[in-house]
Amino acid sequence: MEFVIEHLRKKFDRQEVLQDVSFTFSAGKIYGLLGRNGAGKTTLFNCINRDLDADGGAFWFAENGARREAVPADIGYVLSVPTVPEFLTAREFLKFFLDINGGALADPRTPDEYLDWVQIAPEDRGKLMKDFSHGMKNKLQMLVYLIVQPPLLLLDEPLTSLDVVVAEEMKKLLRQAKAGRVTIFSTHILDLALDLCDEIVLLHGGVLEPVPREHLDDGAFRARILEALREDGHD
């Protein structure tokens with residue numbers, strides 16, 4: 001399976017944030033969407049998720065020679081600021097989610113089994129999520145998409161504000177869950193992309209450019225990438 005973007009464009013007033021975005025992403029890989037803050041990474045995700053209307057271009061899934069439209073159920077979108085129902089406990093939230101989606105799951109488990117998976121401590125599972133840390137909320141936001149396993153997972157800088165231990169836990173989960181789906185992980189941190197991702201694409205000047213990992217050992221090439229990350233843009 002592949003996820004294909006072709007000639008996607010988006011502008012705000014006179015600022016053309018996405019000029020001509022084209023790329024083919026293959027299932028089973030984590031792609032690092034590398035770009036400075038303001039380069040248009042969130043705009044690209046919002047267009048794919050149809051939270052914004054693109055000004056041109058298209059995107060679709062391709063499999064076995066057939067092309068099909070990407071529908072909302074195909075896309076999991078993990079926001080940089082986690083959004084969870086803070087008036088529920090973690091266990092209540094998972095039970096509610098599983099009651100709604102359980103029929104579509106190949107191997108449904110109990111809420112506590114899923115909470116074990118993301119290492120939410122038993123003593124925290126009965127607490128309201130409004131009292132959870134940013135990292136704990138982010139784990140739960142990611143967990144629901146790992147449960148339903150959409151073919152496309154968009155991750156908008158989900159690790160930037162997490163402590164080292166939580167970030168490593170979440171990277172491990174993403175590596176375990178990448179099989180059979182396209183995962184696009186946006187970040188402005190080159191070393192994070194190198195650590196987690198199988199392939200790296202640079203969003204700069206409104207277009208996507210593949211970044212061969214072997215070239216990053218070349219000082220001049222790496223300096224050019226870092227310079228691109230320092231230039232201004234608008235998300």
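Shown here for V207 and D20, the closest heavy-atom pair between the two residues is CG1-O, 3.8 Å.
Once rounded to the nearest 0.5 Å, the distance linking CE of M129 with NZ of K137 reads 9.0 Å. One distance of note links CZ of R50 with OH of Y77; it measures 14.0 Å at 0.5 Å rounding.
Atom NZ of K11 is surrounded by 12 or fewer heavy atoms from other residues, nucleotides or ligands within 6.0 Å. The number of heavy-atom neighbours closer than 6.0 Å to CG of D53, taken from other residues, nucleotides and ligands shown, is 12 or below.
With 3.5 Å as the limit, one finds a donor-acceptor pair spanning the side chains of H188 and E157.
Contact annotation: the side chain of L94 never approaches that of T110 to less than 4.5 Å [non-hydrogen atoms, C-beta and beyond]. Within the 4.5 Å cutoff, the side chain of F97 has no heavy atoms near those of the P111 side chain. Under the 4.5 Å side-chain criterion, counting only non-hydrogen atoms from C-beta, L98 is in contact with L105. Put simply, the side chain of L159 reaches to within 4.5 Å of the side chain of L192, judged on heavy atoms. Taking 4.5 Å as the limit, every side-chain heavy atom of T89 sits out of range of all side-chain heavy atoms of D124. Here the side chains of R68 and D74 are in contact, with some heavy-atom distance below 4.5 Å.
Partners of R125 according to the side-chain hydrogen bond (donor to acceptor under 3.5 Å, both in side chains) rule, which considers only residues two or more places apart in sequence or in another chain, are D112, D116.
Checked against V211 for a side-chain contact (heavy atoms from CB on, under 4.5 Å), the options V201, L190, L202 give a single hit: L202. Applying side-chain contact (heavy atoms from CB on, under 4.5 Å) to I184 and the options L153, D156, L152 leaves one that passes, L152.
Between F59 and F3, the two ring planes are tilted [angle within 30° to 60°].
Ionic pairing of K171 and E168 is present here: one or more N-O contacts between side-chain nitrogen and carboxylate oxygen are shorter than 4.0 angstrom.
K41 forms no cation-pi arrangement with F45, by the criterion of a distance under 6.0 Å to the ring centre and an angle within 45° of the ring axis.
Distance alone, capped at 3.5 Å, is enough to place a donor-acceptor pair between the R181 side chain and the P150 backbone.
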